[in-house]
Amino acid sequence: MTAPRAEANLRFDFTGQTVLVTGGAQGIGRGIAALFHDAGAHVAVLDRDADLLARSWGEAGDRVTTHAVDVADADAVAAAVEAVVAWSGSVDVAVNNAGITRDTVVWKMSPADWQAVLDVHLGGTFAVTRAVVPHMRAAGRGRVVNVTSYTGMHGNIGQANYAAAKGGIIAFTKTVAKEVARFGITVNAISPNAATAMVAAVPADKLAEMTASVPLGRFAEPEEMAAAVAFLASAEAGYVTGVVLPVDGGISM
Ligand SMILES: NC(=O)c1ccc[n+]([C@@H]2O[C@H](COP(=O)([O-])OP(=O)(O)OC[C@H]3O[C@@H](n4cnc5c(N)ncnc54)[C@H](O)[C@@H]3O)[C@@H](O)[C@H]2O)c1
């Protein structure tokens with residue numbers, strides 16, 4: 001499958017590796033999974049939306065496996081990871097990208113909307129990481145790349161649940177990076193900014209304000225996030241761990 005990304009000079013080679021991407025049925029996750037597939041990897045896409053998975057990946061061939069899984073369900077995630085290892089023999093790279101928003105100011109936020117966002121982002125990142133690390137540890141190498149957000153570092157009105165989850169992912173990234181460094185596993189995060197369905201849900205006036213605040217003047221295409229993930233997942237990034245790499249057009253300056 002040809003990744004629908006901007007003309008690129010940088011080429012990655014993940015032939016022989018298995019890359020697991022959550023939330024890969026659309027948006028940033030799909031762009032990330034497509035780049036790894038183009039780069040020769042076996043790709044396992046986990047997403048809760050079975051129809052979208054089939055539409056995005058149904059024709060992709062025998063280097064792709066899809067699993068309709070809610071990442072908030074740690075048992076289902078563990079079973080999917082075992083199925084992926086049975087399929088290809090390993091999980092070399094895990095990308096924790098699946099996410100949702102349930103925005104409103106904190107005094108109007110229901111406990112259910114608080115919990116759902118924490119469960120998907122933070123719970124999902126935990127569930128995948130705990131399931132893949134034993135396999136990476138046995139292999140003596142591995143890469144985990146988490147997806148956080150500007151909001152997780154700076155806050156954003158209406159997103160107390162999302163900010164708490166994304167801030168938690170940064171703390172989780174640094175802690176697990178310290179825990180697994182001795183096994184040859186790195187754990188990093190990206191902080192993206194891309195035009196996806198999640199961004200399309202933002203009201204037009206707020207979106208115009210957000211776009212105006214991007215030094216590079218635009219939201220990226222989802223595929224533009226993928227090269228940063230591939231770099232962090234590469235052998236060349238073996239001495240990079242515990243970092244948050246903004247891929248955000250400069251908003252975090
Ligand atoms: N788009 C941006 O500018 C931006 C900015 C900062 C952070 N992010 C983060 O990037 C990630 C991807 O966002 P996106 O913009 O591509 O969103 P998106 O809504 O386009 O895609 C999210 C994907 O995750 C899947 N998903 C949602 N809940 C799930 C669950 N419980 N289990 C499995 N899959 C689930 C969805 O089905 C969908 O395919 C998210 O973690 C988001 O918070 C995005």
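Keep in mind that the numbers below use all heavy atoms, side chains included, and drop hydrogens, waters and symmetry copies. Along the sequence shown, residues carry numbers from 1. In listed order, ligands and their atoms are each counted from 1.
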Can you name the atoms of ligand 1, numbered from 1 with element, that are less than 4.0 Å from a heavy atom of [X]?
X      : value
Asp70  : 30 (C), 31 (N), 32 (N)
His121 : 41 (O), 43 (O)
Asn193 : 3 (O)
Val199 : 1 (N), 2 (C), 3 (O)
Ala197 : 20 (O)
Ser149 : 6 (C), 7 (C)
Gln26  : 18 (P), 19 (O), 20 (O), 21 (O), 38 (C), 39 (O)

Tell me whether [X] contacts the main-chain N or O of [Y] through its side chain, where contact means a donor paired with an acceptor under 3.5 Å.
X      : Y      : answer
Asn188 : Gly242 : yes
Thr101 : Asp103 : no
Asn161 : Arg102 : yes
Arg143 : Ser234 : yes

Heavy atom of the protein closest to [atom] (residue, atom name, distance):
atom                    : value
atom 36 (C) of ligand 1 : Asp47 OD1, 3.5 Å
atom 44 (C) of ligand 1 : Ile28 CD1, 3.7 Å
atom 23 (C) of ligand 1 : Gly23 O, 3.6 Å
atom 3 (O) of ligand 1  : Ala194 N, 2.8 Å
atom 43 (O) of ligand 1 : Tyr162 OH, 2.5 Å
atom 27 (C) of ligand 1 : Gly99 O, 3.3 Å
atom 9 (C) of ligand 1  : Val147 CG1, 3.6 Å
atom 40 (C) of ligand 1 : Asn97 O, 3.1 Å

Do [X] and [Y] come close enough that some side-chain heavy atom pair is under 4.5 Å?
X      : Y      : value
Val69  : Asp73  : no
Trp87  : His42  : yes
Val84  : His67  : yes
Thr173 : Ile170 : no

May I ask you to identify, for [X], whether its side chain, its backbone, both or neither come under 4.0 Å of ligand 1 on a heavy-atom basis?
X      : result
Thr196 : side chain
Thr101 : neither
Thr151 : neither
Val120 : side chain
Arg30  : neither

Nitrogen or oxygen of [X] less than 3.5 angstrom from that of ligand 1:
X     : value
Asp49 : no
Val71 : yes
Leu46 : no

Does some non-hydrogen atom of [X] fall short of 4.0 Å from ligand 1?
X      : result
Asp119 : no
Met225 : no
Asp248 : no
Pro192 : yes

Is the closest side-chain donor-acceptor distance between [X] and [Y] under 3.5 Å?
X      : Y      : answer
Thr186 : Thr241 : no
Asn96  : Thr129 : yes
Asp248 : Ser191 : no

Evaluate the criterion salt bridge (charged side-chain N to carboxylate O under 4.0 Å, His left out) for residue pair Arg218 and Glu224; output intermediate values, then yes/no. CA-CA 12 Å; Arg218 63 181 178 90; Glu224 293 181 79; 2.9 Å; yes

Side chain to side chain contact (heavy atoms under 4.5 Å, CB included) between Met136 and Asp92, worked out: CA-CA 6 Å; Met136 293 177 175; Asp92 303 281; over 6 Å; no

- Taking it one step at a time, do Thr65 and Val45 satisfy side chain to side chain contact (heavy atoms under 4.5 Å, CB included)? CA-CA 6 Å; Thr65 183; Val45 185; over 6 Å; no

Could you go step by step and tell me if Ile169 and Leu122 meet the side chain to side chain contact (heavy atoms under 4.5 Å, CB included) rule? CA-CA 6 Å; Ile169 285 174; Leu122 200 46; 3.9 Å; yes

